[in-house]
Engineer: 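Here it is: the structure, laid out below.
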Amino acid sequence: MSSGASGSARTRYAILGCGSVGHAVAESLSHRGKDVLILDRDESRVEALRDQDLNARVQDIAEPDVVDALDDRDIVLILASDVEANKAAVSAIREVDGDQYVVVRASDPVSEDELRERGADVVINPSTVIADSALQSLETGELEYMARQLAEIIEGGGGRMAILTHDNPEPDSIASATALQAIADAFGVEADILYSGDVGHQENRAFVNLLGIDLLSRADAPPLSEYDTVAAVDLAKSAEDEMDFETGIDVYIDHLESDAPPDARFVDVRTNVSSTSTILTKYLQEFDQSPTEAVATALLYGIRAETLDFKRDTTPADLTAAAYLHPFANHDTLEQVESPSMSPETLDVLAEAIQNRQVQGSHLFSTAGFIRDREALAQAAQHLLNLEGITTTAVLGIADDNIYLAARSKDIRLNIGNVLQEAFAEMGDAAGHSTQGSVEIPLGIFTGIEASGGNRDTLLHLTEEAVRRKLFDALGVEGAAEGGNGS
């Protein structure tokens, strides 16, 4: 290989085997002004290439002396349909310590492996390339079709739309609803974002307040029957998806499968992405809608929160959506959202959870006692997951005659949402997915005791023991009965 070559303008190419694929590559490189040498054993084909002013020579690429013609070439593309000839050419180049960058054509997965073993830098299987291109075209066409359907439902539904988030909404749900609200607005439809429960986590409150997102509690909103169109986003991880809606759902968008999804007119569930914010970003792009700063910031935070800042279950689609949103978003606001001050209640819950922790292997269970802010349980469970050797956490609290349990897991072998369903679904509401989950159980189911000032400690102890045993049994943890604080 020539020692002075540097930069694309001076790179010299060789194409070995010039059938339909090689010919197309040769023409493309020549049109870009590249120095291309073509080697092929078919004399008539070489003559035809020369008639097109291409630099072509007769050469059997399966013969060892093929390397003599490649001494001044930097990149070698071996593109014959004869895979055995391609193997011989790769071997010949590497046997003389040729340092050219070699791209070679394979015919199947077995020949791909053999060509790599012989020293090819890149192996291309045309059938795989065609299949990937077909799938990409299919995905593009499917999104275009889905966007057209969504637009027809929004435009044709009337002037007012309800967008349901799941109960106690978190960033992905709120951001998705905010984006759908912006899409509806572009079609001249006014949309309300409705939620049940509380926006309790301080990061979520900061998120809503800093971005000026208007959320309306369902308790304060009109009945759903008064809206012309009803949409639901990111609902699968919530108990909300099991409720009886007083009117039908028109639009349902999520990145998780639901056990009982609403029978909606429009359904888009994509389990091949890790956030519903990613799906809504794709719709904004398909509608050629540049997001406002608030919407872009919300969506980017929704993706980052759902993927733990791209460290959990992140897909290429999540990354490309985040890259698209990045220049539109307010990164100072993102930093403020991600670093909110901790409320005294949250600090108290975290302190109790640290003090009362019980560890079995890599599983941690704790109780925060009687609490005022149940969202603080989720934050405590997340913080405790950072302890060395811990892969799964669960933190219990009692409030308003209910038992609340928040769980987190980073164990890739475990779906904590399924574990909670197995342990507690028959006695309360259990929801979640692979890395997080929550449970709400009426207090009396476990103890039959009403909470009062005189029996609070007894009630808490009985509840803690019963919940811990059931959880550890579902996890398959040995020695669940003994416990220990792991300090």
Side-chain angles (χ1 to χ4, degrees), residues 167-168 197-198 200-202 239 342-387 390 392-409 416-417 419-432 436-475 477-487:
D167 49 355
N168 309 313
D198 301 303
H201 194 301
Q202 68 251 14
M342 185 175 287
S343 69
E345 167 69 5
T346 300
L347 188 60
D348 290 342
V349 168
L350 179 58
E352 285 290 316
I354 293 172
Q355 178 65 32
N356 298 326
R357 69 192 186 279
Q358 301 174 44
V359 176
Q360 290 288 335
S362 64
H363 304 288
L364 182 150
F365 178 87
S366 189
T367 178
F370 291 85
I371 60 173
R372 294 188 300 276
D373 180 6
R374 65 183 185 182
E375 285 297 314
L377 295 175
Q379 296 168 72
Q382 189 65 50
H383 278 289
L384 290 171
L385 199 60
N386 295 322
L387 290 176
I390 298 300
T392 304
T393 62
V395 182
L396 175 146
I398 298 175
D400 303 324
D401 293 327
N402 285 309
I403 302 164
Y404 296 99
L405 186 73
R408 296 291 184 269
S409 181
I416 192 62
V419 170
L420 297 180
Q421 285 279 350
E422 178 186 341
F424 303 108
E426 292 183 0
M427 57 191 67
D429 293 325
Q436 65 185 53
S438 61
V439 177
E440 179 179 342
I441 307 168
L443 189 57
I445 284 181
F446 269 108
T447 63
I449 303 173
E450 294 296 328
S452 66
N455 66 4
R456 284 166 62 94
D457 289 343
T458 301
L459 182 62
L460 181 60
H461 176 72
L462 292 172
T463 300
E464 175 188 345
E465 283 298 306
V467 172
R468 181 174 62 82
R469 284 173 181 271
K470 286 194 69 67
L471 176 62
F472 278 1
D473 284 345
L475 286 167
V477 176
E478 294 181 5
E482 289 84 4
N485 72 358
S487 57

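Quick note: residue numbers are just sequence positions, from 1.
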Engineer: Tell me, please, which residues at least two apart from Ala368 pass side-chain contact (heavy atoms from CB on, under 4.5 Å).
Structural biologist: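 Checked Ala368 against side-chain contact (heavy atoms from CB on, under 4.5 Å); matches are Val349, Glu352, Ile371, Leu377, Val395.
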Engineer: Using the side chain to side chain donor-acceptor pair (under 3.5 Å) criterion, which residues pair with Thr367? Sequence neighbours excluded.
Structural biologist: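 Here no residue qualifies.
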Engineer: Using every non-hydrogen atom in the two residues, find where Ile416 and Gln436 come nearest and quote the distance to one decimal.
Structural biologist: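 Distance-wise, the nearest heavy atoms are CG2-N, 3.3 Å.
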Engineer: List for me each residue that meets side chain to side chain donor-acceptor pair (under 3.5 Å) alongside Thr393, sequence neighbours excluded, and say none if there are none.
Structural biologist: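 Side chain to side chain donor-acceptor pair (under 3.5 Å) list for Thr393, sorted by chain: empty.
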Engineer: So, do Leu443 and Ile398 sit near enough that their side-chain heavy atoms are less than 4.5 Å apart?
Structural biologist: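 Side-chain contact under 4.5 Å: yes.
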Engineer: Which heavy atom of Leu384 sits nearest a heavy atom of Ile390, and at what distance?
Structural biologist: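 Leu384 and Ile390 have their closest heavy atoms at O-CG2, 4.0 Å.
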Engineer: Can you sort out the partners of Asn402 under side-chain contact (heavy atoms from CB on, under 4.5 Å), two or more places apart, ordered by chain and number?
Structural biologist: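 side-chain contact (heavy atoms from CB on, under 4.5 Å) list for Asn402, sorted by chain: Tyr404, Glu440, Pro442.
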Engineer: Hey, are the side chains of Leu396 and Val439 touching, using non-hydrogen atoms and a 4.5 Å cut-off?
Structural biologist: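 Not touching, per the 4.5 Å side-chain cut-off.
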Engineer: Compare every heavy atom of Phe370 with every heavy atom of Leu460, then report the nearest pair and how far apart it is.
Structural biologist: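 Heavy atoms of Leu460 and Phe370 come nearest at CB-CE1, 4.2 Å.
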Engineer: Working to the nearest 0.5 angstrom, can you tell me the gap between Leu475 CG and Glu422 CD?
Structural biologist: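 If I round to the nearest 0.5 Å, the distance is 9.0 Å.
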Engineer: Determine the minimum heavy-atom distance between Ala407 and Leu420, stating which atoms define it.
Structural biologist: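 That closest heavy-atom pairing would be CB-CD1, 4.1 Å.
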Engineer: When you look at Leu471 and His363, which way does the side chain to side chain contact (heavy atoms under 4.5 Å, CB included) test go after all the steps?
Structural biologist: CA-CA 10 Å; Leu471 176 62; His363 304 288; over 6 Å; no
Engineer: To check you understand the geometry: which heavy-atom pair defines the closest contact between Phe365 and Leu405, and what is its length?
Structural biologist: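 Taking Phe365 first and Leu405 second, the nearest heavy atoms are CE1-CD1, 4.0 Å.
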Engineer: Please list all pairs meeting salt bridge (Lys or Arg N to Asp or Glu O under 4.0 Å) that have one or both residues in residues 358-367, counting only residues at least two apart or in different chains.
Structural biologist: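 Checked against salt bridge (Lys or Arg N to Asp or Glu O under 4.0 Å) - neighbours excluded - no pair reaches residues 358-367.
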